[in-house]
Amino acid sequence: MSEFAAWMQGCQARMENVLSDWLPPASIAPQRLHEAMRYAVLGGGKRVRPLLAFAAGEVAGADVERVQHAAAAVELIHAYSLVHDDMPAMDDDALRRGKPTVHVEFDEATALLVGDALQSLAFDILAAQPLARDAATQLNMVLLLAQAAGSRGMAGGQAIDLASVGKPLDLTELEFMHIHKTGALIRASVLLGAQCGTPSEATLAALDHYAKCIGLAFQVVDDVLDAEAPTATLGKTAGKDAANNKPTYVSLLGVARARELAQELRADAHAALADLGAPAARLRQLADFVVERTF
Ligand code: GRG
């Protein structure tokens, strides 16, 4: 195993423990809701957002014992978004992370509540203990995640996505949608991880630029994988975008150009880190991972 793969595995294992500790045990009431929350979050997922938070924390000299909680908050927002996205009113999917989706395994009302409760838990975590160098910075972290998840961030991007089915979006409109739907939370992961340390304004600006490139690259690759990878590899239903007549980078540009675009965004992400030197090595590796991933 490569050194980077071992680092990823270490972070993923750490996140499993941190998330498990934050999630209420299934033995306490309401048991079924807690069981479903744990089902939605634990034992799956690449944990890309936490990995970005840890890597950005390294740039800002942050203590991993702090970053892990900010990373958990972002991952819980992400998990909530997947649970709601899979529901019949949205993407209506039966498979996620290689297992039945929450509304299939439990029921729709439980899936709604799981999403609600995971979102609340994310903000509970950000408020519960000292994560930043001062209270004003920590308050800013709460604001950052709230805005990233809300109607001018991820939820807004999802609304645009739902409204765009069957419509011929152009590249600018597609980018606007993804900057919100996927990019906002990826940006929050990077900036929250950094704010657990002591980043300069210039470092934050560089990380912000990096995060925007990586967020878009993530989505471009997601579109390519949806078109090309098998369901068994993805752990979610493949080919859904075309089946649902959704505008994607692949439908607009074709697979070959979409792959090229992902490589260009990877190069832009690396360029954004040019002044950050050796401490940004993990972020560079993650840019490569996001673009090269096969699942
Ligand atoms: C319901 C408010 C609300 C928002 C949903 C993010 C999202 C918005 C829906 C997910 C739909 C989707 C497939 C988006 C494309 C990019 C994406 C977020 C993929 C899934 O993320 P991964 O690959 O998943 O990081 P894992 O399972 O590895 O965590």
Side-chain angles (χ1 to χ4, degrees), residues 8 11-12 15-16 19 39-53 71-72 74-93 95-99 101-103 108 111-116 118-119 122 145-165 174-175 177-189 214-227 229 231 233-244 246-250 258 262 286 289-295:
M8 284 212 311
C11 291
Q12 286 158 343
M15 284 316 297
E16 196 68 12
L19 288 163
Y39 178 89
V41 174
L42 300 176
K46 297 177 288 295
R47 311 296 192 205
V48 166
R49 293 151 194 82
L51 291 168
L52 285 166
V74 181
E75 185 66 13
L76 290 176
I77 296 283
H78 170 58
Y80 123 67
S81 81
L82 298 181
V83 173
H84 281 190
D85 181 66
D86 288 334
M87 291 183 70
M90 296 207 194
D91 214 28
D92 192 10
D93 215 319
L95 189 69
R96 171 69 66 182
R97 294 176 168 175
K99 51 186 195 181
T101 46
V102 175
H103 69 276
E108 282 187 40
L112 263 182
L113 290 171
V114 163
D116 296 341
L118 293 179
Q119 172 150 224
L145 189 61
Q147 290 178 343
S151 65
R152 298 175 77 180
M154 180 184 73
Q158 179 77 346
I160 298 169
D161 187 335
L162 293 171
S164 70
V165 172
L174 189 69
E175 189 171 303
M177 174 175 88
H178 289 313
I179 284 172
H180 291 80
K181 190 179 98 168
T182 316
L185 206 55
I186 287 186
R187 174 175 180 265
S189 311
I214 258 341
L216 262 188
F218 187 91
Q219 187 60 53
V220 176
V221 172
D222 209 68
D223 288 354
V224 171
L225 290 175
D226 184 79
T231 296
T233 313
L234 292 180
K236 60 181 180 179
T237 314
K240 285 213 68 168
D241 294 336
N244 291 342
K246 269 193 174 180
T248 67
Y249 284 98
V250 170
L286 280 171
F289 171 73
V290 160
V291 171
E292 301 295 341
R293 72 197 167 98
T294 53
F295 59 96

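Every number for a ligand or one of its atoms is a count from 1 in the order of the listing.
- Counting heavy atoms from C-beta outward, V224 and Y249 have side chains that stay 4.5 Å or more apart.
- Residues that satisfy the side-chain hydrogen bond (donor to acceptor under 3.5 Å, both in side chains) test with T182, not counting sequence neighbours, are Q219.
- Remark: E292 pairs with R266 by the salt bridge (charged side-chain N to carboxylate O under 4.0 Å, His left out) rule, at least two apart or across chains.
- Using modelled atom types, no side-chain atom of R187 and backbone atom of A184 make a donor-acceptor pair closer than 3.5 Å.
- Here D91 pairs with D85, D93, K240, N244, K246 under the side-chain contact (heavy atoms from CB on, under 4.5 Å) rule; sequence neighbours left out.
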Pairwise, report which nitrogen or oxygen atoms of ligand 1 are under 3.5 angstrom from protein nitrogen or oxygen atoms, and how far apart they are.
residue: ligand 1; atom: 21 (O); partner: R49; partner atom: NH2; Å: 3.4
residue: ligand 1; atom: 23 (O); partner: K46; partner atom: NZ; Å: 2.6
residue: ligand 1; atom: 25 (O); partner: R49; partner atom: NH1; Å: 2.8
residue: ligand 1; atom: 25 (O); partner: R49; partner atom: NH2; Å: 3.4
residue: ligand 1; atom: 27 (O); partner: R97; partner atom: NE; Å: 2.9
residue: ligand 1; atom: 28 (O); partner: K46; partner atom: N; Å: 2.9
residue: ligand 1; atom: 28 (O); partner: K46; partner atom: NZ; Å: 2.8
residue: ligand 1; atom: 29 (O); partner: H78; partner atom: NE2; Å: 2.8
residue: ligand 1; atom: 29 (O); partner: R97; partner atom: NH2; Å: 2.8

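- Figure legend: R97 and Y39 shown without cation-pi pairing, the cationic atom not lying both under 6.0 angstrom from the six-membered ring centre and within 45 degrees of its axis.
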